[in-house]
Participant: 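Have a look at this one before I ask anything.
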Amino acid sequence: MTSQFVLTLSCPDRLGIVYAVSGFLTRRNANIEDSQQFSEHGSGRFFMRVEFSADGAGQGEGATLRDELAVGFAEIAREFDMDWRLHDRAVKPRVLIMASKQGHCLNDLLYRFRIGALHGEAAAVVSNHPDWADLAASSGVPFHYLPVGKEGKATQEQQVLDLVEAERIDVVVLARYMQILSSEFCAKLPGRIINIHHSFLPSFKGAKPYHQAHARGVKLIGATCHYVTADLDEGPIIDQEVARVDHAHSPDELVAAGRDLESTCLARGLAAHLDDRILLNGHKTVVFR
């Protein structure tokens with residue numbers, strides 16, 4: 001039986017990396033279907049993403065083909081000091097979506113999951129408001145109302161973490177979730193929380209960003225999809241989207257345009273994550289297309 005895999009890696013740049021990776025796959029009769037690489041001269045690091053197919057014939061009893069390939073590749077990874085990941089494409093990542101009062105991004109993501117446009121599974125929806133229970137139910141996704149009560153944010157965040165563990169969640173998506181996550185929460189899910197921000201970071205922070213933009217007479221509005229870190233709205237950027245506006249646009253028209261930008265940008269950023277097309281590079285990302 002032929003299986004599909006994605007191998008991603010980063011390491012100090014040196015001669016022989018591509019040769020070693022392709023040679024390993026060739027020796028295991030794997031067929032490379034797509035390969036992309038990038039060398040960053042400033043940091044001296046090398047980044048690579050390889051899609052390949054392989055036949056499971058001959059693997060050990062009880063072992064998966066992915067495990068067998070991972071064990072074999074670990075020797076090469078040690079030689080080149082690689083940070084790497086091998087993903088079996090048959091295993092769909094499980095996604096937890098968090099939202100508050102605004103539901104445009106949540107609605108868009110649920111629709112994309114329902115039609116198979118995103119390579120993953122919407123495993124649960126969490127909100128600090130009860131508003132979206134019916135929307136989640138219409139997509140067959142369990143809804144969890146977890147308000148920030150008198151016990152404080154720490155209690156609610158622990159409930160979310162318990163859900164992440166119980167549902168085997170791979171990535172958490174903040175779909176206009178309007179609560180600031182604690183540094184302790186962020187530290188427990190590094191590189192696994194994706195947020196959509198209603199501007200080009202770090203412009204127009206705080207309340208009513210589109211009204212701020214209107215007051216400044218902006219000609220471009222945008223949205224930023226990024227990974228969440230303990231530094232508020234300063235995590236590595238995944239994607240950005242823009243639209244041209246002018247003096248004739250009212251604040252409400254900017255808000256409406258912004259909803260579309262946010263939905264599109266978040267969906268595109270999440271798709272890149274689910275397809276293993278993002279490699280972290282310090283405070284930046286390498287996003288293969």
Participant: Answer yes when R268 and E241 have at least one side-chain N-carboxylate O distance shorter than 4.0 Å, and no when they do not.
Facilitator: yes
Participant: Can you check whether W132 reaches V141 side chain to side chain, under 4.5 Å on heavy atoms?
Facilitator: no
Participant: Got a sec, which hydrophobics cluster with V91, joining ILVMFWY side chains under 4.5 Å apart, including via others?
Facilitator: none
Participant: With a cut-off of 6.0 Å (strictly less than), are more than 12 heavy atoms of other residues, nucleotides or ligands near CD1 of I115?
Facilitator: yes
Participant: Applying side-chain hydrogen bond (donor to acceptor under 3.5 Å, both in side chains), which residue pairs with at least one partner in residues 133-145 are found, sequence neighbours left out?
Facilitator: R114-S139
Participant: Taking only residues two or more places apart in sequence, or in another chain, which ones meet H129 in a side-chain contact (heavy atoms from CB on, under 4.5 Å)?
Facilitator: S100, K101, S127, D131
Participant: Can you confirm whether E262 sits close enough to H198 that some side-chain heavy atom of one is under 4.5 Å from a side-chain heavy atom of the other?
Facilitator: yes
Participant: Any side-chain hydrogen bond (donor to acceptor under 3.5 Å, both in side chains) pairs touching residues 9-18, not counting sequence neighbours?
Facilitator: S10-R45, D13-S39
Participant: Is the shortest heavy-atom distance from the side chain of V21 to the side chain of L9 under 4.5 Å?
Facilitator: yes
Participant: Show the numbers, then the answer: is there a side chain to side chain donor-acceptor pair (under 3.5 Å) between N281 and E40?
Facilitator: CA-CA 10 Å; N281 181 22; E40 186 178 65; 3.0 Å; yes
Participant: Taking atom CD1 of I32 as the centre, report whether more than 12 heavy atoms of other residues, nucleotides or ligands fall under 6.0 Å from it.
Facilitator: yes
Participant: With T2, which residues qualify under side chain to side chain donor-acceptor pair (under 3.5 Å), at least two apart?
Facilitator: none
Participant: Would you call D276 and F288 a side-chain contact if the rule is heavy atoms closer than 4.5 Å?
Facilitator: no
Participant: Is the number of heavy atoms from other residues, nucleotides or ligands under 6.0 Å of H283 NE2 greater than 12?
Facilitator: no
Participant: Given side chains that start at C-beta, do those of L109 and V95 come closer than 4.5 Å, heavy atoms only?
Facilitator: no
Participant: How close do D246 and K219 get, heavy atom to heavy atom, and via which atoms?
Facilitator: CA-CD, 4.5 Å
Participant: Do D231 and C186 have side chains that get closer than 4.5 Å, going by heavy atoms?
Facilitator: no
Participant: Excluding sequence neighbours, so at least two apart, what forms ring-ring contact (aromatic ring centres under 6.0 Å, His included) with F5?
Facilitator: F52
Participant: If you define the side chain from C-beta out and look only at heavy atoms, does anything of V160 sit under 4.5 Å from L146?
Facilitator: yes
